[in-house]
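Have a look at the structure below, then the notes.
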Amino acid sequence: MTKTTKKTAKNLTVPIRSIRGSGLDKAPTGIAGFDEITFGGLPRNRPTLICGGPGSGKTLFGLEFLARGITEHGEPGVFVSFEETEEELAKNVKSLGLDLPDLIAKKKLVIDTLRVDREDYLETGDYDLGGLFIRVGCAIDSIGAKRIVLDSMEALFSGLTDHMRLRSEIHRLFLWLKDKGVTAIVTGESIEPSGKTREGLEEFISDCVVYLDHRVNDTISTRRLRITKYRGSFHGTNEYPFMIDESGICVLPVTSLNLTYKASTERVSTGIASLDGMLGGKGYYRGSSVLVTGTAGSGKTSVGAHFIHAASRRGERCLMWSFEESESQIVRNMRSIGIDLEPSIKAGSLKILTSRPQIFGLEMHLGIIHKEINAFDPKCICIDPVSNFTGAGTMSETKVMLTRLVDLTKSKGITTIMTYLIRGGMPAETTDAGVSSLMDTWIVLSDPEFNGERNRILSVLKSRGMPHSNQMREMLLTSHGVELIFPYLGPSGAVTGAARKSLEASEKALSVAQQIKIMKKKKDFESSRDLIEAKIKMMRSRLQSQEQAIALELSQAKTRDDVKTEERSRMGATRAPAPDQKAQELR
Amino acid sequence: MNPGSDRSEIWELRLYVAGTTPKSIAAFHNLQEICKTHLAGQYTIEVIDLLENPKLAEGDQIVAIPTLVRKLPEPVRKIIGDLSNTEKTLIGLQIRRAKARSAS
């Protein structure tokens, strides 16, 4: 699973790298997301400083850089530790998906621990770091390393008193590593709040500086990463949240995400026949993101549940996150509108995950969602509601997080439906976090109060790439699901609820009267038609009899003519000379 | 410590260098001088050139060059630099204390 995650992130980087990474040769770190924001990775054959406070993930960054360099880019690496031993390091990162002993056994990784305790050393006179050079050189040559990590500089500095000499020696070390063609990472502890390292390492490791931060805001901690310096290269300048999970570090860039996912033309039902009808008769696009906004109680969850229910019954794997209700509560509530989610849950095609948004920071939520998606491999997901994330971060952070979420699901071709609670009194067409622009389809629900009642109204505010109804529909939550009713379009506009019913009734009465009128007209017409038809019949029979008379006359005349001709010919015959008995008799 | 074992105590010293640099040569000379004066007949000096045997740098955790390691008597002590400061070197090797003890 880890593999696939990293793969996806890597694939995304390819187009960007080809556009912008041409200037400087870079060594891809393989750290998910990091290569994206640096347009290809760290500067090759140059030192990079990774600085941050204690526990900010510096050592892990270094180890992952080496491990991924080995497994994904075929570049062996050396880890020089001034603090922890090989065993300690291996143990620490084992839970993060890095198997160091395996890499060491394969002769792809060397971990060299150098303990520099001030008590051990006494300095008298001139010296240099030749020993370090030789050891590092020895380690590099033993496996043909292309990458090296020195962790951490503070430990080295604290072990030796002559810092001026150390600086010049470290500078010399980097020049030497550059000559050897080794890409280096140096870690350094930074002092809050300036973010500068204690020994001013930035001053001489100045090609690339990455700052890691672990901050707590409103009791919610967030890890952040920023590239404060990158000589000769484009880089994202934002603070990027990152997380450390069982697949290591995952930087979650936003602004540099490219829009390269494939758009499907396949359509999936919304689970509500009449809503399908409003969306060109076919429903959402497969892999699109759908936003359902609405005020409290406007039926957002129901619309989401319909979709998930329909999909899971088709046998598609579905995930549903609820940040408000427990699983059994959702199942019970949805049953009241005729949606039984339980069979799908039992069959394993639907998984409901519930948690409070405030329990983690946003990036952790995203990480969990990421992880669950990878593990469950769903076709459809529903997140209800995403507006609750604003409780775990600021508005802009939430937007950034949701952007990443949408990008994640889109890149995986997952159809996503997110609900968003609109605070009362706000116009229905707004979201606090401004996420609507990310969405392909936006369904707005509202339940305005009018004439002493509240009626739910659904409309499709936008739906990219498909014809969709511009009408507002009244939404009814019945015992057999959501029903959308055509609005009654009266002289005073569309009306809903009781007003619609009364108008519909009066229209019905009107139409009955009209129908009677039409019936009468029809009858009148029928009788007149009968009359005319009878007349036609009569006239036709008269015509026929006349025709017959003429025919008779004609045939009589013809008979007469025939008789005459016969007579004449007979007479002719008697006058002719014929030795015939009869002729003689006549004479 | 045990004063009776003083005469048999051997100072096992190891000097790590990297090639014949001026620093290395200076360190070696300085060490020899110190040993001759303070540890006559009681020491061994092993010079390890890391350019020839880079693997040996690992054993004594050598970072700087030159480094003098006192293997014996225990505990292991390390002194880095060209040993140009004799006073400091003596303190580092704890020769002063040992001598003082054996004299008493």
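Here is how names work: the chains are called A, B, and so on, in the same order as the sequence lines, proteins then strands, and each is numbered from 1. These numbers were taken from a predicted model, which means no experiment stands behind them.
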Notebook entry, point to check: Within the distance-only criterion (no hydrogens, no angle test), does the side chain of B:Asp82 pair as donor or acceptor with the backbone N or O of A:Asp126 below 3.5 angstrom?
Noted result: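 Yes.
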
Check: What residues of residues 138-157 of chain A sit under 4.5 Å from chain B when you count only heavy atoms?
Finding: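 Within residues 138-157 of chain A, the residues that come under 4.5 Å of chain B (heavy atoms only) are A:Cys138, A:Leu156.
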
Next item on the list: Give, for atom OG1 of A:Thr124 and atom CG of B:Leu83, the distance between the pair rounded to the nearest 0.5 Å.
Entry: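 Between A:Thr124 OG1 and B:Leu83 CG, I get 4.5 Å after rounding to 0.5 Å.
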
Checklist line | Which portion of A:Asp112 sits near chain B, non-hydrogen atoms under 4.5 angstrom | finding: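 For A:Asp112, the side chain is the part near chain B, not the backbone.
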
Note to self: If we define contacts as heavy-atom pairs under 4.5 Å, which of B:Thr67, B:Thr89, B:Ile80 has the most with chain A?
What the structure shows: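 Top option by heavy-atom pairs under 4.5 Å: B:Ile80.
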
Next item on the list: Would you mind checking which part of B:Leu68 comes under 4.5 Å of any heavy atom in chain A, side chain (CB onward), backbone (N, CA, C, O), both or neither?
Entry: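 No part of it gets close to chain A.
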
Margin query: Just so I understand: if I count every heavy-atom pair under 4.5 Å between each of A:Val136, A:Leu160, A:Leu129, A:Asp162 and chain B, which residue has the most?
Written below: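 Most pairs with chain B among the choices: A:Leu129.
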
Item checked: chain A neighbours within residues 20-37 of chain B, where any heavy atom lies under 4.5 Å away ->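 The stretch touches chain A at B:Lys23.
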
Notebook entry, point to check: Can you name the nearest heavy-atom pair linking A:Ile134 to B:Ala18, along with the distance?
Noted result: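 That would be CD1-CB, 3.7 Å.
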
Check: More than 12 heavy atoms of other residues, nucleotides or ligands under 6.0 Å from NE2 of A:His171: is that the case?
Finding: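 No, because the 6.0 Å sphere around NE2 of A:His171 holds 12 heavy atoms or fewer from other groups.
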
